[in-house]
Amino acid sequence: MRDVRVVLIGGTSNTGKSTVAGRLAERLGFEHRSTDGLARHPGRPWRTPEHEVPPHVAEHYATSTPDELLASVLAHYERLWPRIEELITDRARPGAAGLVLEGSALLPERVARLTVPRTAALWLTADDAVLRDRVRTAGRYARASEEERLLMDRFLARTHRFQARTVEAVESLGLARLDVGGGRTVEELADAVMGTAARPNRSGG
């Protein structure tokens with residue numbers, strides 16, 4: 001990764017993209033940004049001490065099937081892609097500050113078509129059981145109401161579908177993927193990212 005100025009970390013929700021990207025950015029002396037900061041799609045539908053679920057987010061998950069939720073988020077990412085590509089292109093130019101950009105919006109098929117130099121990419125994945133446990137822990141599922149559990153279950157079903165799609169695309173395109181299981185620490189995962197990250201395609205290298 002000696003000549004890399006932009007690192008892209010994709011994957012579905014709850015694979016640890018933000019945590020790993022933040023640590024990697026610290027190591028490299030790069031800026032860390034999330035694609036969520038460019039335009040926010042309805043977020044995670046569970047309460048935290050700092051966050052209440054907005055009514056429109058609750059309605060989005062309560063009234064949509066998992067397949068409809070997946071189609072909705074994919075359409076959002078497609079609309080967002082020109083802004084993402086512009087950011088990547090700008091930060092890959094000579095003299096620009098390095099960037100670690102993470103987010104589910106980094107769709108493999110889009111990244112694979114980039115022709116931007118000094119750019120590396122990989123996707124984080126996790127077992128379905130790991131994703132389920134993380135979602136349920138974050139949402140305090142055991143203490144949640146029936147309605148709150150429904151929203152979390154819909155989000156999780158969409159998450160599983162999104163990951164299956166991501167894995168299929170990454171493997172068919174010959175891109176880099178890293179499973180976050182095995183009890184590895186953030187430091188160990190950052191090490192693995194630095195060793196695994198690959199350029200999205202030959203023209204982009």
Side-chain angles (χ1 to χ4, degrees), residues 1-41 43-44 73-74 76-126 134 159 162-163 165-167 169-205:
M1 296 181 63
R2 182 183 61 187
D3 298 323
V4 170
R5 301 304 299 163
V6 178
V7 181
L8 309 175
I9 301 179
T12 196
S13 300
N14 293 283
T15 52
K17 298 185 301 298
S18 180
T19 301
V20 173
R23 186 67 192 98
L24 185 64
E26 289 178 6
R27 285 192 182 186
L28 297 173
F30 288 5
E31 181 185 1
H32 167 210
R33 293 186 64 176
S34 170
T35 58
D36 286 346
L38 300 177
R40 182 70 170 168
H41 193 260
R44 299 173 181 180
V73 77
L74 289 174
H76 169 70
Y77 292 157
E78 287 292 343
R79 291 190 297 271
L80 187 58
W81 180 253
R83 296 179 63 186
I84 295 172
E85 186 172 16
E86 181 180 12
L87 174 61
I88 295 169
T89 301
D90 178 66
R91 299 301 284 272
R93 62 182 171 79
L99 175 68
V100 178
L101 180 65
E102 52 88 6
S104 300
L106 296 170
L107 300 176
E109 60 272 27
R110 284 292 192 176
V111 174
R113 293 200 291 269
L114 285 173
T115 57
V116 180
R118 294 179 290 279
T119 301
L122 87 163
W123 284 260
L124 301 184
T125 58
R134 289 181 177 181
T159 296
F162 189 96
Q163 175 160 268
R165 179 190 185 279
T166 298
V167 170
V170 165
E171 292 183 349
S172 68
L173 293 166
L175 303 175
R177 177 165 73 92
L178 176 65
D179 190 274
V180 301
R184 284 177 289 186
T185 66
V186 174
E187 293 294 336
E188 289 169 336
L189 288 171
D191 285 339
V193 168
M194 294 185 73
T196 304
R199 302 178 198 277
N201 54 33
R202 291 181 183 275
S203 58

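Between the side chain of Arg177 and the backbone N or O of Val170 there is no donor-acceptor pair closer than 3.5 Å.
In this structure, CG on Asp179 lies 9.5 Å from CG on Leu189, to the nearest 0.5 angstrom. Atom CG of Leu124 is separated from atom CG of Leu178 by 5.5 Å, given to the nearest 0.5 angstrom. Between the CD1 atom in Ile88 and the CZ atom in Arg110 there is a gap of 11.5 Å [rounded to 0.5 Å]. Between Phe30 atom CZ and Leu24 atom CG the span is 8.0 Å, to the nearest 0.5 Å.
Considering only residues two or more places apart in sequence or on other chains, His32 meets the ring pair (Phe, Tyr, Trp, His ring centres under 6.0 Å) condition with none of them.
Of all heavy-atom pairs between Leu106 and Trp123, the closest is O-NE1, 2.8 Å. The minimum heavy-atom distance linking Met194 with Leu28 is given by the pair CE-CD2, 3.8 Å. Contact record, Gly11 with Ser104: O-OG, 2.8 Å, taken as the closest heavy-atom pair. Heavy-atom minimum distance, Arg134 versus Asn14: NH1-O, 2.8 Å. A pairwise comparison of heavy atoms in Arg5 and Ala97 identifies NH2-C, 4.0 Å as the closest pair. Contact record, Gly183 with Glu188: O-OE1, 4.4 Å, taken as the closest heavy-atom pair.
At least one side-chain heavy atom of Gln163 sits less than 4.5 Å from a side-chain heavy atom of Thr15. In this structure the side chain of Ser34 never reaches within 4.5 angstrom of the side chain of Lys17, judged on heavy atoms. Residues Leu107 and Arg165 have side chains in contact (heavy-atom distance under 4.5 Å, counting atoms from C-beta outward).
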- request: Start with the C-alpha gap between Ile9 and Leu122, add the side-chain angles, then the distance that decides, and say whether side chain to side chain contact (heavy atoms under 4.5 Å, CB included) holds.
  value: CA-CA 5 Å; Ile9 301 179; Leu122 87 163; 4.0 Å; yes

- request: Show your working on side chain to side chain contact (heavy atoms under 4.5 Å, CB included) between Val116 and Val6 and close with a plain yes or no.
  value: CA-CA 9 Å; Val116 180; Val6 178; over 6 Å; no

task: Please lay out, stage by stage, how Leu114 and Leu8 fare under the test side chain to side chain contact (heavy atoms under 4.5 Å, CB included).
output: CA-CA 12 Å; Leu114 285 173; Leu8 309 175; 4.0 Å; yes

- request: Check the pair Arg91 / Leu101 against side chain to side chain contact (heavy atoms under 4.5 Å, CB included), numbers first and verdict last.
  value: CA-CA 10 Å; Arg91 299 301 284 272; Leu101 180 65; over 6 Å; no

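Look at Arg27 and Asp191 and you find a salt bridge, because one of the NZ, NE, NH1 or NH2 atoms lies within 4.0 Å of a carboxylate O, short of that distance. Under the 4.0 Å criterion applied to side-chain N and carboxylate O atoms, Arg113 and Glu85 are not assigned as salt-bridge partners. The pair Glu26-Arg23 meets the salt-bridge criterion, since a charged nitrogen lies less than 4.0 angstrom from a carboxylate oxygen.
Under the 30°/60° scheme for interplanar angles, the aromatic rings of His41 and His76 are found to be tilted.
Within 6.0 Å of CD on Glu86 lie no more than 12 heavy atoms contributed by other residues, nucleotides or ligands.
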